[in-house]
Amino acid sequence: MADRYIGRFAPSPTGPLHAGSLVAALASYLDAKVAGGQWLVRIEDVDEGRSVAGAAESALALLKTLGMQWDGDVLWQSRRGDVYQAAFDRLGALAYPCGCNRREIADSRLGTAPDGSAIYPGTCRDGLAAGKTARSLRLRVPPAGQDEITFQDRFAGAVTQHLALDAGDFVLKRGDGYWAYQLAVVVDDFEQGVTDVVRGADLIDSTARQIYLQRVLGMPTPRYLHVPVVRNALGEKLSKQTGATALAPLNEDDAVAMLHTAAQALGMRMGPSSSMAQFWRDALPAWARLLEVNGTD
Ligand code: GLU
């Protein structure tokens, strides 16, 4: 374990916290506590168009109700445009303006990246075609053959991705003017001194892009641990779109039941808890045991 540990939970306030978000919150919180480190909370409201008024505040209130108190001040991405711009400016010619719309990218038939985004064919790499205006800003990735990124996930072990084949030149600033998640997350993890990223496995396919950005910006790569994603009966990832219900504990028993459900989803082995205090007392050693059994570290 690193001598210094800074972890974080980084919800996007696109709706209320649901059972899936609680799993990521719990895992990141327990990992920080077991390591004797700090646990930060960052509100990823960089996509202001998708942010729902009041969702961030109720997420923060829920974390407190469940006994998860963060360290320091909450960081709000929507207030950090200047910081993202400064990082972007350092990329120089590695970044370039792109005039393609979604249709044009889909029509290129390079297919979709593992995370569902269309793989960009590189149309505007050498300059905007005549008659096109810049819509988004993209980062040049190395060509096939030099594009392999491997990292050690603390649960999954070695994970390899090929940036050119699996993602293509990816967006740093979107056509609608918002900074992209990939840039904001890398800059903020660095500026907050994050040493350990613990988050849902749906983001494992973003990790190689983030590591590449860290490298070109001269930032260290944190350790990564991706935890299982909670799915509904149809096998869909829980989200507002798939109808996940908001967590709203009515009383302490209810709160304890929610925490147990999240702990179970993580594969933690725990007996019943008669109070929230008991849940937290038992959860720390249960997480430490899970790391021993599943962990590659
Ligand atoms: N904001 C992302 C989400 O809510 C998490 C980003 C991350 O942990 O890197 O899914």
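In listed order, ligands and their atoms are each counted from 1. Small disclaimer: the values here were computed from a predicted structure and weren't measured.
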Do Gln192 and Arg8 meet the criterion of a side-chain donor-acceptor pair at a distance under 3.5 Å? no

Using a 6.0 Å distance limit plus a 45 degree cone around the ring axis, check whether Arg138 lies over the aromatic ring of Tyr120. yes

Checking a contact table here: which protein heavy atom is nearest atom 10 (O) of ligand 1, and how many Å away? Leu203 CD1, 4.1 Å

Closest approach of any protein heavy atom to atom 3 (C) of ligand 1, naming residue and atom: Ser12 OG, 3.6 Å

Does the N or O separation between Ala10 and ligand 1 drop below 3.5 Å for any pair? yes

Could you check which of Gln182, Glu44, Arg199 puts a non-hydrogen atom nearest to atom 9 (O) of ligand 1? Arg199

Is Arg8 in contact with ligand 1, taking contact as a heavy-atom separation below 4.0 Å? yes

Quick check on contacts: which atoms of ligand 1 are under 4.0 angstrom from a heavy atom of Val185? 9 (O)

Take every heavy atom of Phe9, measure it against each atom of ligand 1, and state whether any distance is under 4.0 Å. no

Check this for me - ligand 1, Tyr181, N or O atoms closer than 3.5 angstrom, yes or no? yes

Here's a test for you: under side chain to side chain contact (heavy atoms under 4.5 Å, CB included), which of Asp45, Val46, Ile43, Asp47 qualifies with Ser78? Asp45

Parallel under 30°, tilted from 30 to 60°, perpendicular over 60°: which one fits the rings of Phe170 and Tyr212? perpendicular

Taking the side chain as every heavy atom from C-beta outward, state whether His226 and Phe155 have any atom pair closer than 4.5 Å. no

Would you name the heavy atoms of Val187 and Val83 that are closest together and state the gap between them? CG1-CG1, 3.7 Å

